[in-house]
Each structure stands twice: as C-alpha cells, then as structure tokens.
Amino acid sequence: MPHKKTTPEKIKSVLPSGRTDTSFFEQVYDVARQVPRGRVTSYGAIAAYLGAAKSARMVGWAMNGAFHVKPPVPAHRVVNRNGMLSGKMHFSTPTKMEELLKKEKISVKNDAVVDFEKKFWDPSVELEL
DNA sequence: CCCATGACGCGGC
DNA sequence: GGCCGCGCCATGG
C-alpha cells in the first residue's frame with residue numbers, strides 16, 4: 001500500500017486502509033470508554049498504556065473522531081497531564097466539556113479539573129492487562 | 001519535498 | 001516551580 005491515510009473522515013466510516021491490526025484509534029476509544037464516571041485520564045496515560053508513550057499527540061488527534069464513533073466515547077473524561085480541558089474547543093460548544101464533567105460531579109475551575117490527582121484514572125494501573 | 005500546525009509531554013533553565 | 005524549547009507523528013498547504 002503506497003499511501004495509507006487516516007483522515008477523520010475515513011475513521012467515521014471505516015478503519016484506515018492498510019491497517020491489519022486493530023487501529024490505534026480503535027484502541028484509544030476502547031480505553032477511553034472504560035474510564036469510570038466521575039474520573040478522568042490523560043492523553044499521555046492512554047498512549048503509554050497502548051505502548052506508544054511518545055504518541056500522546058496522536059491520542060488527542062484520535063479524539064477528534066471520537067464524536068462520530070459508536071458506541072459513544074466519553075471524550076470529556078480525557079484531559080492533558082495538568083488536568084486542563086485542552087480540548088474543550090472541539091466540542092459542540094466551548095462549554096460542553098465542562099458541563100459534562102460537572103454533571104459527573106467533577107468540579108472544573110479555570111478550564112482545569114479540581115483535585116485532578118484524586119480523580120485521575122490511570123489505565124496502566126487500574127486497567128491491568 | 002519542505003514547512004507549519006496541533007485535544008501532548010518531558011527536560012532544561 | 002513556572003516558562004520555554006524540542007521531540008513526536010500525522011495532516012494539510
């Protein structure tokens with residue numbers, strides 16, 4: 001396969017061409033779905049869990065397609081390593097992410113999760129293989 | 001093909 | 001201990 005692409009467009013319908021393994025995106029979504037209500041995790045934590053510690057960025061990129069996949073992915077439970085809602089702008093409305101979190105009893109102040117350390121859910125720890 | 005741009009993170013200062 | 005620079009990796013111009 002000369003040129004394998006993975007555009008959000010394609011992710012919507014089918015997995016990236018040329019991918020024999022379970023796509024990276026699929027795995028990211030799978031882990032994200034297992035984050036319990038009232039808890040949050042980080043892009044880096046997911047990346048590390050998937051053995052791609054250096055691809056935290058790709059995890060964030062993958063979340064772009066999280067809105068049109070099924071079953072739904074609780075993308076609002078994924079924040080950056082500082083507990084900040086760095087992806088709020090990618091939701092339907094800039095305040096959606098925060099609203100969803102507060103609905104789960106997670107306090108948000110200045111675009112950051114309050115008591116992030118306590119709410120943090122690390123797949124590498126909680127989700128023993 | 002080279003450059004810029006990210007829902008990121010670590011290491012240096 | 002916060003701020004800045006650089007590495008990552010896929011995309012788009």
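This is a predicted model, so every value here is computed, not measured. Each chain gets a letter, A, B and so on, in the order its sequence line appears, and its residues count up from 1.
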> Is R57(A) side chain donor-acceptor paired with the dC8(C) base, going by distance under 3.5 Å alone?
Replying inline: yes
Write down the distance separating the [atom1] atoms in [N] and [M], rounded off to the nearest Å.
| N | M | atom1 | value |
| --- | --- | --- | --- |
| dA4(B) | dG5(C) | P | 15 Å |
| dG2(C) | dA7(B) | P | 23 Å |
| dC6(C) | dC3(B) | P | 15 Å |

Tell me the interatomic distance from [X], atom [atom1], to [N], atom [atom2], rounded to whole angstroms.
| X | N | atom1 | atom2 | value |
| --- | --- | --- | --- | --- |
| M58(A) | dG7(C) | CE | C1' | 12 Å |
| R81(A) | dC10(B) | CZ | C1' | 7 Å |
| F24(A) | dC8(C) | CZ | C1' | 11 Å |
| N80(A) | dG9(B) | CG | C1' | 9 Å |
| K96(A) | dA7(B) | NZ | C1' | 18 Å |
| N82(A) | dG2(C) | CG | C1' | 11 Å |
| F25(A) | dC9(C) | CZ | P | 14 Å |
| K88(A) | dC8(B) | NZ | C1' | 18 Å |

> Per the side-chain hydrogen bond (donor to acceptor under 3.5 Å, both in side chains) rule, which among E98(A), E104(A), K102(A) passes with H76(A)?
Replying inline: E104(A)
>> If the cut-off is 4.0 Å, is S55(A) near the phosphate of dA10(C), judged by side-chain N/O to OP1 or OP2?
In response: no
>> What's the separation between atom NZ in K119(A) and atom OG in S107(A), rounded to the nearest 0.5 Å?
In response: 6.5 Å
> What distance separates F91(A) CZ from M63(A) CE, expressed to the nearest 0.5 Å?
Replying inline: 7.0 Å
>> Could you tell me if the side chain of V69(A) sits less than 4.5 Å from the side chain of F25(A), heavy atoms only?
In response: no
> Are any of the side-chain heavy atoms of Q27(A) and Y49(A) separated by less than 4.5 Å?
Replying inline: no
[options]: which one has an atom nearest the side-chain heavy atoms of [X]?
| X | options | result |
| --- | --- | --- |
| K54(A) | dA7(B), dC8(C), dG9(B) | dC8(C) |
| M63(A) | dC10(B), dA10(C), dA7(B) | dA7(B) |
| A56(A) | dC9(C), dG9(B), dA7(B) | dG9(B) |

> Reckon A66(A) touches a base, only the sugar-phosphate, or nothing at all at heavy-atom distances under 4.0 Å?
Replying inline: nothing
